[in-house]
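Please read the structure below before turning to the comments.
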Amino acid sequence: AQKITQTQPGMFVQEKEAVTLDCTYDTSDQSYGLFWYKQPSSGEMIFLIYQGSYDEQNATEGRYSLNFQKARKSANLVISASQLGDSAMYFCAMREGRWNFNKFYFGSGTKLNVKP
Amino acid sequence: EAGVTQFPSHSVIEKGQTVTLRCDPISGHDNLYWYRRVMGKEIKFLLHFVKESKQDESGMPNNRFLAERTGGTYSTLKVQPAELEDSGVYFCASSQDTGTPNPSYEQYFGPGTRLTVT
C-alpha cells in the first residue's frame, strides 16, 4: 500500500488566491515527520515546510502552512496569496521513526499552475 | 555553500547499454540517498549510504543497478544493461548526521538526472 497519497495530479489557482494541496499518509509509527517539497521546472527540489507527528500546532513558513489532521492522517499544504512563481510540482513526503537519516516516502506529486 | 550536484542532467541511451550517474553531496554530509521517479508516479527510494557503507538498499529494483560511494564522498549509480523501464528521473539527496533523534531534519536534493532508455 502506498504510504503517501496525493490525489490531485494537477491544480489551477488564480494569482493572489489561496490553494490547498492534499496529502494523506499511512503509517503505524507514533513518531514520524511530514515534509513538503517544491519542484520548479528547473528541476531542483526545494524544501518548504515540516510537521512533526507530536507537534500540536500546525506548521507555518511564510505563505505556506500545513493543515495537519492527525486522526485523519492528512497533511495538506496551504499556499496563501498565490504568486506566479508558485507554479511548480509539489511533493508530500514522510519520514517514519525518530531518526533524521531514515528514508523518505513520497507521493506522486501535484502540479500547480497559477494563472495571472 | 554548493548544493547537491548531479551529472549528467540528461542521458539518452539504447536498451542494453550502460549508464553511470554521478552525485556529489553537500560537503560534510554523511548520508547520501538515491531516489527515482518514473513518469507520473511517486518518487521512490532506491538506497541510502552512510559514508561509504550501504545502510539500506531495499529499494534497488534488481542486480542491474550498482551503487557505490568510494571514500564516502561522491556516489555513482550504474545501470547495466539498461532496460526501457529504467527510464525516469534519478534524484540524489544528502543530509547531515546529527547523531540525535531529530525527524525534522530535511534532505537536500539535487536537480536529478533524466534517463531515457530507447
Side-chain angles (χ1 to χ4, degrees), chain A residues 1-10 23-27 29-55 59 61 66 68 88-111, chain B residues 2-10 23 25-26 29-51 53-60 88-114:
Chain A
Q2 217 160 319
K3 286 190 176 280
I4 295 287
T5 302
Q6 294 180 255
T7 57
Q8 307 152 313
C23 172
T24 57
Y25 60 92
D26 181 26
T27 182
D29 281 10
Q30 296 300 306
S31 179
Y32 53 88
L34 297 155
F35 300 75
W36 277 91
Y37 281 83
K38 171 185 178 182
Q39 186 188 33
S41 56
S42 51
E44 76 274 26
M45 296 272 279
I46 302 166
F47 165 71
L48 295 178
I49 195 166
Y50 162 82
Q51 180 84 42
S53 57
Y54 295 116
D55 295 342
E61 289 287 347
L66 203 151
F68 181 46
M89 197 77 180
Y90 289 81
F91 290 98
C92 178
M94 176 176 66
R95 170 190 280 139
E96 291 179 313
R98 300 165 63 224
W99 297 99
N100 67 328
F101 49 74
N102 290 346
K103 65 192 175 196
F104 280 2
Y105 295 93
F106 282 91
S108 53
T110 295
K111 187 170 176 59
Chain B
V4 177
T5 57
Q6 293 186 244
F7 182 83
S9 57
H10 291 87
C23 168
I26 292 173
H29 282 192
D30 288 338
N31 295 296
L32 187 149
Y33 310 80
W34 284 98
Y35 294 87
R36 175 175 74 173
R37 184 177 190 231
V38 172
M39 177 71 79
K41 303 222 171 158
E42 72 269 27
I43 299 172
K44 281 192 170 179
F45 167 81
L46 296 178
L47 89 158
H48 168 211
F49 283 99
V50 177
K51 296 183 181 177
S53 299
K54 291 176 186 173
Q55 180 76 17
D56 179 357
E57 50 185 330
S58 61
M60 294 287 264
V89 180
Y90 290 76
F91 291 100
C92 176
S94 71
S95 70
Q96 282 183 318
D97 186 357
T98 64
T100 59
N102 185 1
S104 69
Y105 216 77
E106 68 185 272
Q107 292 180 9
Y108 296 82
F109 281 78
T113 293
R114 181 174 297 277

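Since we're looking at a predicted model, the values are computed, not measured. Below, all heavy atoms of this structure are taken into account, side chains as well, without hydrogens, waters or symmetry copies. Chain letters run A, B, ... following the sequence lines, proteins first, then strands; residues in each count from 1.
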(request) Look at the rings of B/Phe109 and B/Tyr35 and say which category their plane angle falls in: under 30° parallel, 30 to 60° tilted, over 60° perpendicular. (result)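 Plane angle between 30° and 60°, so tilted.
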Segment of [X] engaging chain B (4.5 angstrom heavy-atom cut-off):
X        : answer
A/Gln2   : side chain
A/Asn102 : backbone
A/Gln39  : side chain

(message) Let's test your reading of the structure: which of B/Gln107, B/Lys41, B/His48 forms the most heavy-atom pairs below 4.5 Å with chain A?
(response) B/Gln107
(request) Sort B/Arg114 into side chain, backbone, both or neither according to what part of it lies under 4.5 angstrom from a heavy atom of chain A. (result)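 No part of B/Arg114 comes within 4.5 Å of chain A.
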(message) Between B/Ser9 and chain A, with a heavy-atom cut-off of 4.5 Å, which part of the residue counts as in contact: side chain, backbone, both or neither?
(response) neither
(request) Let me know which of A/Phe91, A/Tyr50, A/Tyr105 forms a ring pair (Phe, Tyr, Trp, His ring centres under 6.0 Å) with A/Phe35. (result)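 Going through the options one by one, the only one that passes is A/Tyr50.
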(message) Taking the ring centre of each residue, are A/Tyr32 and A/Tyr25 less than 6.0 Å apart?
(response) yes
(message) If we check side chain to side chain contact (heavy atoms under 4.5 Å, CB included) with A/Glu61, which of these qualifies: A/Leu48, A/Leu66, A/Ile49?
(response) A/Ile49
(request) Using a 4.5 Å cut-off on heavy atoms from C-beta on, say whether the side chain of A/Met45 contacts that of B/Ile43. (result)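 Side-chain contact under 4.5 Å: yes.
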